[in-house]
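First up is the structure itself, then whatever we jot down about it.
The residues of the chain are indexed from 1 along the displayed sequence.
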Amino acid sequence: MGGENLYWALCRSVSETLAIIDVSREVQPRRGTVPVQGVVNREQGNGIQLRTAGGRQYFEMLLLALVGGWAYFANLHLSLLEGSEGLYAGIAGEMGRRREYFDLTYQGEPYFNKPPLYFWLLNLSSSIWGDHEVALRLPGSLAAVGTILLTYVLGTRLVSSTAGFWAALAVATSHVFLWYGRRVLFDSTLTFLVTLALFAWVQVQLLGRSSRWYLLAFISMALGAMLKEMHGFFLPLLVMATYAVIQRDARMLKDRWFWAGLGLAIAMMAGYAQMLGPGYQHHFKILRAIGSVWNSGLAGSVGMARDGHPIYWYLGMMWADFFPWCALLPSALLLLWVQRPLRSHPTELLLLVWVLSLFTAFSLATLKREPYLTTIVPGIGLMIGYFYHRMFSFAEASRPMSPLLRGLLVILALVFIGGMFLGAAPLRRRWLVSTPVVSPVFIVVIVTLAGILLYAAITPRLQLALRMVGLLAVAYVVLIVNYVLPAIDQAASPRKATEEIKSMARDSGPAMFLYIPGWPKNEDAVYYLKRDTVVPDLPSHEAVREAVRARGLIRIITEEPHLISLQKLEGLAVEKIHEFRQPGRKHLFLLSVQTQE
């Protein structure tokens, strides 16, 4: 019921905010009219408008703080999820135990796949707050909230406070950002650094502020490269360069602070690379970074990248990843596109370049992963904010709703209604969730809101429909954070399975060991098992044989491939005692192992 109470509080805040917005519009006199009492009334009206605008912004920021805080800080204590969280937590844990901060290892083997900066952040957070899930997820959650704040300020300064509010709300509640932004992953922090770089660049290029902002832009780009290869540097640079070429604007190339910032960024990256071992140097080779973008599906006749995803893969994924705002994306894109010539509309051009250039780069990349799309979310959010700004203006309010927008809003409403009754099936298949997830009261709330959206789309009532999309987006946050994630944690928690294993190890019985040499399938479970020494590790077949010779009968926790390999060993009798089911066929097995008679 806590989630439902929070949801109704959010609804009330949204309603109050929208009411204030409407009042602020009503007090504005129509063009050509003259106030009855002259200057005195004009001054009083201006004072009312200022107070109303200030009150509106207060409610907007309060609502964003409430939604963002709940979305990215509630239930962070739940078990690590989907492997990568356990992998990165395990690397940070080994780094801390070894006191070696420049050469990473995982399962005792060198790990060169990522530079160490992110693992420094994880280690620092764990050192301050303790070795638990909240501390591990805190850097990503803080970066997510920072991105929301940057989006709000950008939208407000480039367009209006209305645009800033809806842009930030879209970022906070988009599925891909909500699902991955609060996790132990690189992508939330990288998104913050890319957004910060573009935020600083916009201060000079579009808002005419001091050129010293270039220093912050390049520092952010350098940190992005230090975090996750040269992509963190080139992604914002791609947006800057594309915009400048289209605008035929070479001002930044003539600015000494631009070159000072570039020099500082190169010095930061070069110094960082020099501190690392030879295994990490490939992350800072420019030609390799460019090649990883362009050696893609274009080189093959069927357009397939090396991970098996075609060049158009993200076109399909974006409908789920930008849910529920995906229903507005085509209309927002078309609205921006018709503002031609684009060179005369710098804000509209920037939003198009931001989204389309990054989307093209990711589509051409040799490796496509769903979390990578989080970097595009701030640009998508600003597009949505711009769309709301235009649709809530006097000039656009009387426009009829386009058939495209009406159709997509109808589909969105039906998806929400259908999801309340059919959504348990994918959770059961993917996450082994067998019990009901959502309370009947919350189902009624979602169906009611979706029904209002359906009515507004069919009637059509454009502004009501857009507000209902915002309310459903907030409801989606409550659905994920308060219902879906706890249900997954209850049904398929690696922490829960490993706690049961450790309890069995402490009970009287044969000694229990962990045998998962090399790279595990279930990195989350291995992380929990290796956080302490309750279940000692056996690194090889020879170690298993030695343990059997020393103790006679032993118990072993392992994964399916190693179960098969142990069963093939001569001289050992291996019996499966229990199976701990995990999502993605990453099951753990408890074995009894002894000398074969």
Side-chain angles (χ1 to χ4, degrees), residues 79-98 105-111 131-133 432 489-597:
S79 175
L80 301 183
L81 193 65
E82 288 191 314
S84 292
E85 284 198 292
L87 168 65
Y88 298 148
I91 294 170
E94 289 190 24
M95 179 180 68
R97 289 189 292 270
R98 294 169 57 241
T105 60
Y106 183 62
Q107 293 281 79
E109 297 295 326
Y111 179 85
D131 186 13
H132 49 71
E133 293 82 359
L432 310 178
D489 185 72
Q490 181 66 27
S493 165
R495 182 178 61 191
K496 182 180 177 182
T498 56
E499 286 174 352
E500 183 179 352
I501 290 169
K502 291 178 183 180
S503 177
M504 297 171 66
R506 294 185 183 100
D507 294 339
S508 60
M512 184 182 295
F513 297 92
L514 174 66
Y515 176 65
I516 305 180
W519 199 291
K521 291 179 64 178
N522 195 330
E523 297 100 330
D524 297 320
V526 170
Y527 164 73
Y528 285 116
L529 288 170
K530 287 196 169 185
R531 278 210 297 193
D532 49 43
T533 59
V534 175
V535 183
D537 187 29
L538 297 177
S540 63
H541 286 165
E542 291 73 18
V544 173
R545 291 184 183 276
E546 182 62 30
V548 171
R549 282 195 294 267
R551 299 174 179 269
L553 175 64
I554 64 172
R555 293 176 294 175
I556 285 181
I557 292 293
T558 191
E559 295 178 327
E560 187 173 10
H562 306 298
L563 163 63
I564 296 172
S565 67
L566 286 174
Q567 289 174 334
K568 294 179 180 179
L569 289 179
E570 296 182 359
L572 293 181
V574 179
E575 179 184 356
K576 183 168 68 173
I577 302 175
H578 185 71
E579 178 180 353
F580 300 90
R581 293 183 59 78
Q582 293 283 281
R585 300 186 61 84
K586 298 179 180 180
H587 312 311
L588 299 174
F589 297 90
L590 175 61
L591 310 178
S592 169
V593 182
Q594 59 184 329
T595 303
Q596 194 170 34
E597 300 294 338

Q. Between Gln107 and Lys530, is any side-chain donor less than 3.5 angstrom from a side-chain acceptor?
A.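 Checked: Gln107/Lys530 side chains pair up, N/O donor to acceptor below 3.5 Å.
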(Q) Can you list everything that forms a side chain to side chain donor-acceptor pair (under 3.5 Å) with Ser84? Sequence neighbours excluded, please. (A)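 Ser84 satisfies side chain to side chain donor-acceptor pair (under 3.5 Å) with no other residue.
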Q) Under the side chain to side chain donor-acceptor pair (under 3.5 Å) test, which residues partner Lys502, sequence neighbours left out? A)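 For Lys502, the residues satisfying side chain to side chain donor-acceptor pair (under 3.5 Å) (neighbours in sequence not counted) are Asp532.
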**Q.** Step-by-step side-chain contact (heavy atoms from CB on, under 4.5 Å) determination, Asn522 to Glu559
**A.** CA-CA 8 Å; Asn522 195 330; Glu559 295 178 327; 3.4 Å; yes
Measure the [atom1]-[atom2] distance between [X] and [Y] for me, rounded to the nearest 0.5 Å.
{"X": "His562", "Y": "Gln567", "atom1": "NE2", "atom2": "CD", "result": "13.0 Å"}
{"X": "Arg97", "Y": "Glu94", "atom1": "CZ", "atom2": "CD", "result": "6.0 Å"}
{"X": "Arg551", "Y": "Gln594", "atom1": "CZ", "atom2": "CD", "result": "15.0 Å"}
{"X": "Thr105", "Y": "Ile91", "atom1": "OG1", "atom2": "CD1", "result": "8.0 Å"}
{"X": "Leu529", "Y": "Asp524", "atom1": "CG", "atom2": "CG", "result": "11.0 Å"}
{"X": "Ile564", "Y": "Thr558", "atom1": "CD1", "atom2": "OG1", "result": "10.0 Å"}

For [X], give me all partners under salt bridge (charged side-chain N to carboxylate O under 4.0 Å, His left out), at least two apart in sequence or on another chain.
{"X": "Glu546", "value": "Arg549"}
{"X": "Asp131", "value": "none"}
{"X": "Arg495", "value": "Glu133"}

Q: With side-chain contact (heavy atoms from CB on, under 4.5 Å) as the test, would you mind laying out the steps for Leu553 and Val593 before giving the verdict?
A: CA-CA 6 Å; Leu553 175 64; Val593 182; over 6 Å; no
(Q) Is any side-chain heavy atom of Leu591 closer than 4.5 Å to one of Ile577? (A)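 They are not in side-chain contact.
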Q: Walk me through it: do Ser503 and Glu500 pass the test side-chain contact (heavy atoms from CB on, under 4.5 Å)?
A: CA-CA 5 Å; Ser503 177; Glu500 183 179 352; 5.6 Å; no
Q: Please check if atom CD in Gln490 has more than 12 non-hydrogen atoms from other residues, nucleotides or ligands closer than 6.0 Å.
A: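 No, not enclosed.
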Q: Could you tell me whether Arg98 atom CZ has more than 12 heavy atoms of other residues or ligands within 6.0 Å of it?
A: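 Yes - once you tally the heavy atoms of other residues, nucleotides and ligands closer than 6.0 Å, there are more than 12.
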N/O donor to acceptor pairs below 3.5 angstrom from side-chain atoms of residues 506-521, sequence neighbours left out:
| residue | atom | partner | partner atom | Å |
| --- | --- | --- | --- | --- |
| Tyr515 | OH | His541 | NE2 | 2.9 |
| Trp519 | NE1 | Glu523 | OE2 | 3.2 |
| Lys521 | NZ | Arg585 | O | 3.2 |

Write down the atom of [X], the atom of [Y], and the distance for their closest heavy-atom approach.
{"X": "Leu80", "Y": "Ala89", "answer": "CD1-CB, 4.0 Å"}
{"X": "Ala525", "Y": "Thr498", "answer": "O-CG2, 3.5 Å"}
{"X": "Tyr106", "Y": "Tyr111", "answer": "N-CB, 4.3 Å"}
{"X": "Ser79", "Y": "Asp489", "answer": "N-OD1, 2.8 Å"}
{"X": "Leu81", "Y": "Glu85", "answer": "N-OE1, 2.8 Å"}
{"X": "Val544", "Y": "Ile554", "answer": "O-CD1, 4.4 Å"}

**Q.** Donor-acceptor contact below 3.5 Å, side chain Lys576 vs main chain Phe589
**A.**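 Such a contact is absent between Lys576 side chain and Phe589 backbone.
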Q.
Using only atom types and a distance under 3.5 Å, with no angle test, would you say the side chain of Ser540 pairs donor to acceptor with the backbone of Ala543?
A.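 A pair under 3.5 Å: yes.
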Q: For the pair Leu590 and Ile501, evaluate side-chain contact (heavy atoms from CB on, under 4.5 Å) and give the outcome as yes or no after the intermediate values.
A: CA-CA 9 Å; Leu590 175 61; Ile501 290 169; over 6 Å; no
